[in-house]
Amino acid sequence: MRVLVVGGGGREHALCWALAGSPLLTKLWCAPGNPGIAEVAECVLVSATDIPRLLDFAEAERVDLVVAGPEAPLTLGLADACAAAGIRCFGPTAAAATLEGSKAFTREVADAAGVPGAHWRRFDEPAAAKAYIRAQGAPIVVKADGLAAGKGVVVAATVAEAEEAVAEIMESRIHGAAGATVLIEECLLGEEISFFALCDGTTALPMAAAQDHKRVGDGDVGPNTGGMGAYSPPPAFTDALRDEVMATIVQPTLDEMTRRGTPFRGVLFAGLMLTASGPKLIEFNVRFGDPECQVLMMRLRSDLLAALLAACDGALTNFDLRWENDPAMVVVMAAEGYPGTPRKGTEIRGLEAAARIPGAQVFHAGTALRADGALVADGGRVLGIAATGKTLRDARDAAYAAVDAVDWPGGFCRRDIGWRALKG
Ligand code: AMP
Ligand code: GLY
């Protein structure tokens, strides 16, 4: 199997790392990849959103499978272009990727499928949105409808904060066209879980759950980020809850997408809130989470490539996925300034020492090689330092021992990843 992974972050490093171990693999490329990915795959200098050039490459190299890491190439039609060229693509068509591209679409599909979620209303006009907020009261959630790099959601503690969010999103257009429409949602309370299911259009196979840490600071304070660390499995997400989520959220959504003529193939990422009245849907993503993917790949015992092929070929019925019982944790190291403007170009040392910590694995996210060969920071989230252990505490200790072996004065991390599961 000749495989091309699209993307260049920590998630794609984890995917390449897992694919590299597959007995089915004969050649692995990653576009554009990064210096860590280059240790397990051949990096190709093509942007993850340049669909025509990705297709040219896949055809010229007789690629058997294209694996989409991020959502952007999918919403731009990577899977559709691959299908037209007769190349398998792991990831949904542009139509099915609307489950991530438009929050209003997601809520409509979820309602049609009877999926439990927050009460919501959609507004195309700021005055009406603000009037509704005043009528509902706080806390309340304001969301830009379109893709806003994970920054389009404001969980407002007061009515004034919510009205301000509407003004910024709809009037000042801080997220551009993504803010033409807003959703105002009921604020769900509970523990947040990222759950992943492989889908082949009709069959959904549960993968595993993880818990992300979206706020930048210890104790879950400060602005939202793409995710500062994750662990799997989260003890709050029992097998009974998993079965309930498959039956009430994942399978009904898959059925509804098929009914609409846009079957979903790929990995469905359900962002869930475990509320006092059961698990509720916050949002769908049409890809693996980053950094959740890193801990999933650390725990996956089955052949990832075989699983992705089965999803592409409509062959997930009877497919068996096996997982390590041992927990895994990933701690994200980010460049100073993140999630604002990160400082680029600071030198990173000590990754060999970090990788020598028993159970540890270093994933590159935003790194680059300087002309003199030194490894430097080249993004917001720069490294994902992961580890497994017999217990979550062991995984945490190993991950932070590896973090402490990294010599990077220009970076920072949260020190409390896993706190919900480790408290008490
Ligand atoms: P999203 O981009 O939809 O994942 O939202 C970003 C974050 O906002 C989520 O991870 C939740 O922490 C929070 N959030 C979104 N919707 C709600 C809601 N209805 N109630 C409470 N928190 C929410
Ligand atoms: N870590 C959350 C996400 O990938 O959307």
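Remember, it's 1-based here, ligands and their atoms both numbered in the order they're listed.
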Check: L183 and R107 side chains under 4.5 Å, non-hydrogen atoms: yes
Numbered atoms of ligand 1 (with element) below 4.0 Å of [X], judged on heavy atoms:
X    : value
C187 : 20 (N), 21 (C)
K103 : 1 (P), 2 (O), 3 (O)
E185 : 16 (N), 18 (C), 19 (N)
E283 : 1 (P), 2 (O), 3 (O), 4 (O)

A student comparing V155, L272, I184 should find that the heavy atom closest to atom 13 (C) of ligand 1 comes from V155
Taking the minimum heavy-atom distance to atom 12 (O) of ligand 1, which of E192, M273, E186 ranks first? E192
Part of K143 within contact of ligand 1 (heavy atoms, under 4.0 Å): side chain
For ligand 2, which is the ligand I care about here, please tell me if [X] has any N or O atom under 3.5 Å from one of the ligand's N or O atoms.
X    : result
G226 : yes
K214 : no
R381 : no

Is the shortest side-chain N to carboxylate O distance from R88 to D313 below 4.0 Å? yes
Using the benzene-type ring in the case of Trp, are the ring centres of F195 and F269 under 6.0 Å apart? no
Quick check: N224 and ligand 1, any N/O pair under 3.5 Å apart? no
Would you say L188 has any N or O atom under 3.5 Å from an N or O of ligand 1, going by distance alone? yes
In terms of residue, atom name and distance, what is the protein heavy atom nearest to atom 2 (C) of ligand 2? D212 OD2, 3.4 Å
Could you tell me the residue and atom name of the protein heavy atom closest to atom 5 (O) of ligand 2, and the distance to it rounded to 0.1 Å? R287 NH2, 2.9 Å
Are a donor atom and an acceptor atom from the side chains of [X] and [Y] found within less than 3.5 Å of each other?
X    : Y    : result
D394 : T391 : yes
D111 : W120 : yes
T388 : D326 : no

Can any side-chain N or O of R381 pair as donor or acceptor with the backbone N or O of D290 at less than 3.5 Å? yes
Judged by atom type as modelled, is there a donor-acceptor pair below 3.5 Å linking the side chain of T75 to the main-chain atoms of A72? yes
Counting heavy atoms not belonging to R260, are there more than 12 under 6.0 Å from its CZ? yes
Verdict with reasoning, E324 to R299, per salt bridge (Lys or Arg N to Asp or Glu O under 4.0 Å): CA-CA 5 Å; E324 295 290 351; R299 290 189 54 228; over 6 Å; no
Contact between ligand 2 and R11 is defined here as a heavy atom of the residue under 4.0 Å from a ligand atom; is it met? no
What atoms of ligand 2 come within less than 4.0 Å of a heavy atom belonging to G289? 4 (O)
Atoms of ligand 2 under 4.0 Å from any heavy atom of F269, numbered from 1 in the order shown, are 3 (C), 4 (O), 5 (O)
Examine R121 relative to Y132 and say whether NZ or CZ is less than 6.0 Å from the centre of the six-membered ring and inside a 45° cone about the ring axis. yes
